[in-house]
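All heavy atoms count here, side chains included; hydrogens, waters and symmetry mates do not. So you know, we letter chains A, B, ... as the sequences are listed, proteins then strands, and number each from 1.
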Protein chains: 2
Amino acid sequence: MPTATASSNPTETQSGRERILAAAAQRFLEAGYVETSLRDLAADVGMKAGSMYYHFESKDALLIAVLERGMTFMVEAFEGVVEQFAAADPPDAERRLTAHITAHLRALHDNRAFTAGHVTLFRTAPEAVREAVLPLRDDYEARWTDLLADVLPDRPIGDLTMLRLGLFGAMNASIEWLDTGRGTVDRFARLIAAQFWYGVGSGAPSNTAGKGKR
Amino acid sequence: MPTATASSNPTETQSGRERILAAAAQRFLEAGYVETSLRDLAADVGMKAGSMYYHFESKDALLIAVLERGMTFMVEAFEGVVEQFAAADPPDAERRLTAHITAHLRALHDNRAFTAGHVTLFRTAPEAVREAVLPLRDDYEARWTDLLADVLPDRPIGDLTMLRLGLFGAMNASIEWLDTGRGTVDRFARLIAAQFWYGVGSGAPSNTAGKGKR
DNA sequence: GTCTATACTTGGATAGAC
DNA sequence: GTCTATCCAAGTATAGAC
């Protein structure tokens with residue numbers, strides 16, 4: 001039954017609404033929001049433009065649905081890591097952070113069509129859309145803020161905010177260059193996590209063990 | 001005289017073309033490319049839509065001009081650092097990288113209207129626009145690729161590429177959150193440079209000297 | 001649930017007067 | 001150099017038949 005949950009379980013083939021949503025996510029990602037017409041979208045799912053309004057009340061509503069699902073994926077991934085560590089011993093800071101970075105990147109790329117919109121088209125989305133989705137985004141960001149504060153207790157809040165935004169930038173930009181087909185998401189995750197924690201300048205755990213000399 | 005150079009020297013007030021370019025850059029940044037109409041743009045500079053075509057042959061040409069100027073600013077900033085170090089002793093790797101990161105971020109934010117387009121709207125720009133601007137972007141990226149290879153000689157090429165893309169992501173995303181009015185560009189530059197080189201996990205030079213413990 | 005037909009709006013671009 | 005007027009294309013959204 002169609003809960004708002006991200007997990008897709010199409011009983012038969014797939015509901016009309018679901019097929020529209022998937023097609024919209026894909027088109028919005030590749031071409032952008034305004035650039036995508038309802039006519040194109042309808043054609044993708046074998047319908048006519050007018051029929052879309054039976055499933056969604058407007059084009060904006062469609063984008064909102066896409067972005068909501070995208071953020072649901074991200075939150076679920078974050079919570080997955082939290083639960084994974086809940087059972088274990090008090091987790092080592094670096095391992096914990098690495099696990100979250102990996103989870104973020106996997107969720108981002110595994111559900112690319114839905115999640116990428118937050119990177120590429122949230123900023124210029126219609127006011128009504130941004131307003132509707134903002135609480136979900138704030139919620140996700142708050143989890144990361146708490147995580148970083150927890151893992152870097154000595155840092156002033158200003159540093160933490162900037163570090164989080166820098167890390168998000170590094171991770172999310174990968175939407176635009178990381179080819180998921182080549183399965184390098186995990187490699188990038190390891191690299192960026194090590195870089196974030198150890199830096200690149202000192203002898204750090206890496207593919208080639210650094211000499212420690214600069 | 002109107003060379004393609006980024007440096008602006010309006011002899012009188014400012015040429016029509018120049019005023020249009022500035023207004024376009026601003027509008028494209030705030031609202032997006034398709035969302036901005038030539039009618040709005042014309043109104044900004046006190047003209048009518050039809051008059052725009054005396055200065056630019058199409059809307060696409062306008063965007064190309066904005067992006068070209070933006071990239072010119074970035075390249076000039078990079079070269080500025082190169083020259084600065086050319087006169088000095090063989091530069092320390094960390095200082096050199098920090099200088100380039102700072103220059104990149106300053107150029108990015110000081111000329112925000114022109115440079116931000118490369119972050120926010122290049123990806124979904126019309127094919128013709130991307131094609132026209134790509135060589136300039138490739139040129140700039142090549143400089144960074146060389147810089148990183150120079151500064152991190154032990155790293156495999158795959159690492160270097162990903163590190164560069166991660167760093168670009170972190171820096172460029174600041175377009176979307178860093179309020180230039182508050183003059184925190186330099187602080188972010190110092191923070192991100194230190195983070196990139198030393199990491200956040202060990203006792204690194206920072207606002208609060210880390211204890212080295214996690 | 002999906003179709004056809006259409007109303008309504010907006011935008012890029014051109015032509016020719018001033 | 002700028003204006004007015006206009007052409008033409010495209011898009012969102014609605015109404016009502018099937």
For A:Tyr140 and A:Phe168, take the angle between the two ring planes, folded into 0 to 90°, and tell me which bin it lands in: parallel under 30, tilted 30 to 60, perpendicular over 60. tilted

Does B:Arg190 pair with B:Asp186 as a salt bridge, N-O distance under 4.0 Å? no

Which whole-number value in Å describes the distance from B:Asp60 CG to C:dG11 P? 16 Å

Show the distances under 3.5 angstrom between N or O atoms of the protein and N or O atoms of nucleotides 9-11 of chain D.
residue : atom : partner : partner atom : Å
D:dG11  : N7   : A:Arg39 : NH2          : 2.5

Under 3.5 Å, N/O pairs linking protein and nucleotides 1-3 of chain C:
residue : atom : partner : partner atom : Å
C:dG1   : OP2  : A:Tyr54 : OH           : 3.2
C:dT2   : OP2  : A:His55 : NE2          : 2.8
C:dC3   : OP2  : A:Lys48 : N            : 2.7
C:dC3   : OP2  : A:Ser51 : OG           : 2.8

According to the interplanar angle, ranging from 0 to 90°, do the rings of B:Phe188 and B:Trp177 count as parallel (below 30°), tilted (30 to 60°) or perpendicular (above 60°)? perpendicular

Could you tell me the separation between the OH atom of B:Tyr53 and the P atom of C:dA13, rounded to a whole number of Å? 3 Å

Counterpart residues, salt bridge (Lys or Arg N to Asp or Glu O under 4.0 Å), relative to A:Asp44 (two or more places apart): A:Arg27

Between C1' of D:dT12 and CG of A:Leu41, the distance in whole Å: 13 Å

Across all chains, not counting sequence neighbours, the side chain to side chain contact (heavy atoms under 4.5 Å, CB included) partners of B:Ser37 are B:Arg39, B:Asp40

Hits for side chain to side chain contact (heavy atoms under 4.5 Å, CB included) against B:Glu30, two or more places apart or cross-chain, chain-then-number order -> B:Gln26

Show which side-chain atoms of residues 126-133 of chain A pair as donor or acceptor with protein atoms under 3.5 Å away, not counting sequence neighbours.
residue  : atom : partner  : partner atom : Å
A:Glu127 : OE1  : A:Arg130 : NH2          : 2.7
A:Arg130 : NH1  : A:Ala125 : O            : 2.7

From B:Trp197, B:Phe196, B:Phe78, residue fulfilling ring-ring contact (aromatic ring centres under 6.0 Å, His included) relative to B:His100: B:Phe78

